[in-house]
Every structure is written in structure tokens, then in C-alpha cells.
K.L.:
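Mind looking over this structure? Questions follow.
Quick note on labels: first sequence line is chain A, next is B, and so on, each numbered from 1.
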Amino acid sequence: MRPKPGEAARARLEAIWRVVARLPEGSVSTYGGVAASAGLPRAARLVGRALREAPKSLGLPWHRVLGAGGRIVFPAGSRNFREQRRRLLAEGLTVVRGRVQLPRARDLDALLWGSDG
DNA sequence: GTTGTGACATTAT
DNA sequence: CATAATGCCACAA
């Protein structure tokens with residue numbers, strides 16, 4: 001017997017929620033990445049839906065989910081945009097022009113090698 | 001059943 | 001950088 005319609009969809013949403021809930025503080029992922037980790041490759045849009053439908057009681061770290069290239073998908077200056085940026089900054093991340101400045105290998109080198117390490 | 005839209009992604013131009 | 005095309009899943013009209 002195949003699952004009733006709506007049940008499978010619910011399962012997908014919950015799978016996505018689980019993945020998002022496991023995102024470590026100070027780290028970030030993307031819609032596509034979350035979808036893939038949830039076993040739903042190429043279902044990035046579904047992740048957006050899932051986050052929108054997510055009950056607040058779950059307390060999901062939705063701010064750690066970004067668009068491709070670490071971009072904040074909300075319209076610049078919108079309430080959600082500022083909220084997300086605020087939370088990201090609070091976790092020690094760097095946000096420049098609506099984008100999370102992901103640590104590059106070069107910078108890490110400079111950081112590790114910089115002081116006569 | 002088709003069309004349009006959405007917290008998106010990838011590839012090509 | 002921007003645009004267009006295609007893919008993906010779900011929902012509303």
C-alpha cells in the first residue's frame with residue numbers, strides 16, 4: 001500500500017527539518033546542500049517551502065541556510081534579510097553585500113602562516 | 001489537466 | 001555582473 005498523498009510530502013519536510021536542525025553553530029549550508037543531505041537532490045525549492053512551513057516550536061536555525069554562493073535570498077533590506085544577517089553576524093560570520101564571506105583557503109593560509117607559525 | 005509561482009540550483013550565453 | 005532555459009516539488013487558480 002502506497003502512502004497516502006500528503007504523507008510522503010510530510011516525510012520530506014521532516015527530513016529537511018532534521019538536516020537543518022543539525023547545522024552546527026557558526027557554520028552554514030545552502031538550499032541545494034540541505035536538499036541533498038536530506039536525500040532530495042535537486043529539490044532546493046522544497047527546502048525553501050519546508051523552512052517556510054516549519055513550526056516555530058522546532059527552533060530551526062534557518063538563518064544558516066543560504067542561497068548558492070552563500071547569498072541571502074531575501075530582498076536586501078527586508079525584515080527577514082536583516083534578521084538573518086543579524087543572526088549570522090552573531091555567530092561570528094562575515095556578511096558583505098548580502099553575502100556570507102566564506103573562509104577561503106588563501107585566508108586560512110594567511111591566518112595559519114601569518115604569525116611566524 | 002494546464003499554467004503560474006515560489007526562502008532555489010545549474011548551465012549556457 | 002545579468003538573462004534565459006531547464007529541472008525540481010508542491011500548491012493555487
K.L.:
Among all residues two or more places apart in sequence or in another chain, which pass the salt bridge (Lys or Arg N to Asp or Glu O under 4.0 Å) test with A:R49?
P.N.:
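Listed in chain order: A:E53.
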K.L.:
Would you mind telling me which of B:dT10, C:dC1, B:dA7 lies closest to the side-chain atoms of A:R97?
P.N.:
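Looking only at side-chain atoms, A:R97 lies closest to C:dC1.
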K.L.:
Are the side chain of A:R64 and the backbone of A:L23 linked by a donor-acceptor contact shorter than 3.5 Å?
P.N.:
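The answer is yes, because a donor-acceptor pair under 3.5 Å joins these two groups.
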K.L.:
B:dA7 P sits how many Å from A:F81 CZ, rounded?
P.N.:
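The answer, rounded to whole Å, is 16 Å.
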K.L.:
May I ask you to test the A:W62-A:E83 pair for a side-chain heavy-atom distance under 4.5 Å?
P.N.:
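Yes, close enough: below the 4.5 Å cut-off.
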K.L.:
How about A:I72 and A:L66: do any of their side-chain heavy atoms sit closer than 4.5 Å?
P.N.:
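Yes - at least one pair of side-chain heavy atoms lies under 4.5 Å apart.
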K.L.:
What is the distance, to the nearest angstrom, from the CG atom on A:L23 to the P atom on B:dA7?
P.N.:
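Value for this atom pair: 20 Å.
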K.L.:
Between atom CZ in A:R52 and atom P in C:dC11, what is the gap in whole Å?
P.N.:
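Rounded to whole Å, this separation is 14 Å.
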K.L.:
Using whole Å, what does the distance between atom P of nucleotide C:dA10 and atom CG of A:L51 come to?
P.N.:
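Roughly 15 Å, once rounded to whole Å.
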K.L.:
Establish whether the base of B:dA7 is bridged to the side chain of A:Y31 by a donor-acceptor pair shorter than 3.5 Å.
P.N.:
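Check passes, donor-acceptor contact within cut-off.
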K.L.:
For a quick check, with a 4.0 angstrom heavy-atom cut-off, what is the B/S/- contact string for nucleotides 3-9 of chain C, read 5' to 3'?
P.N.:
----BBS
K.L.:
Rounded to whole Å, how long is the line connecting atom CH2 of A:W17 with atom C1' of B:dA7?
P.N.:
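From A:W17 CH2 to B:dA7 C1': 15 Å.
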K.L.:
Give the rounded distance in Å between these two atoms: CD1 of A:I16 and P of B:dA9.
P.N.:
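Atom-to-atom, A:I16 to B:dA9, this comes out as 13 Å.
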K.L.:
Can you check the distance between C:dA13 and B:dA7, where both ends of the measurement are the C1' atom (answer in whole Å)?
P.N.:
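23 Å, rounded to whole Å.
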K.L.:
Please report, rounded to the nearest Å, how far the P atom of B:dA7 is from the CZ atom of A:R79.
P.N.:
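Rounded to whole Å, this separation is 17 Å.
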K.L.:
If you look at every heavy atom in A:V96 and A:Q101, which pair is closest and at what distance?
P.N.:
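Minimum heavy-atom contact is CB-OE1, 4.0 Å.
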K.L.:
For A:R87, does the CZ atom sit with more than 12 other heavy atoms under 6.0 Å from it, leaving out its own atoms?
P.N.:
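More than 12 within 6.0 Å, yes.
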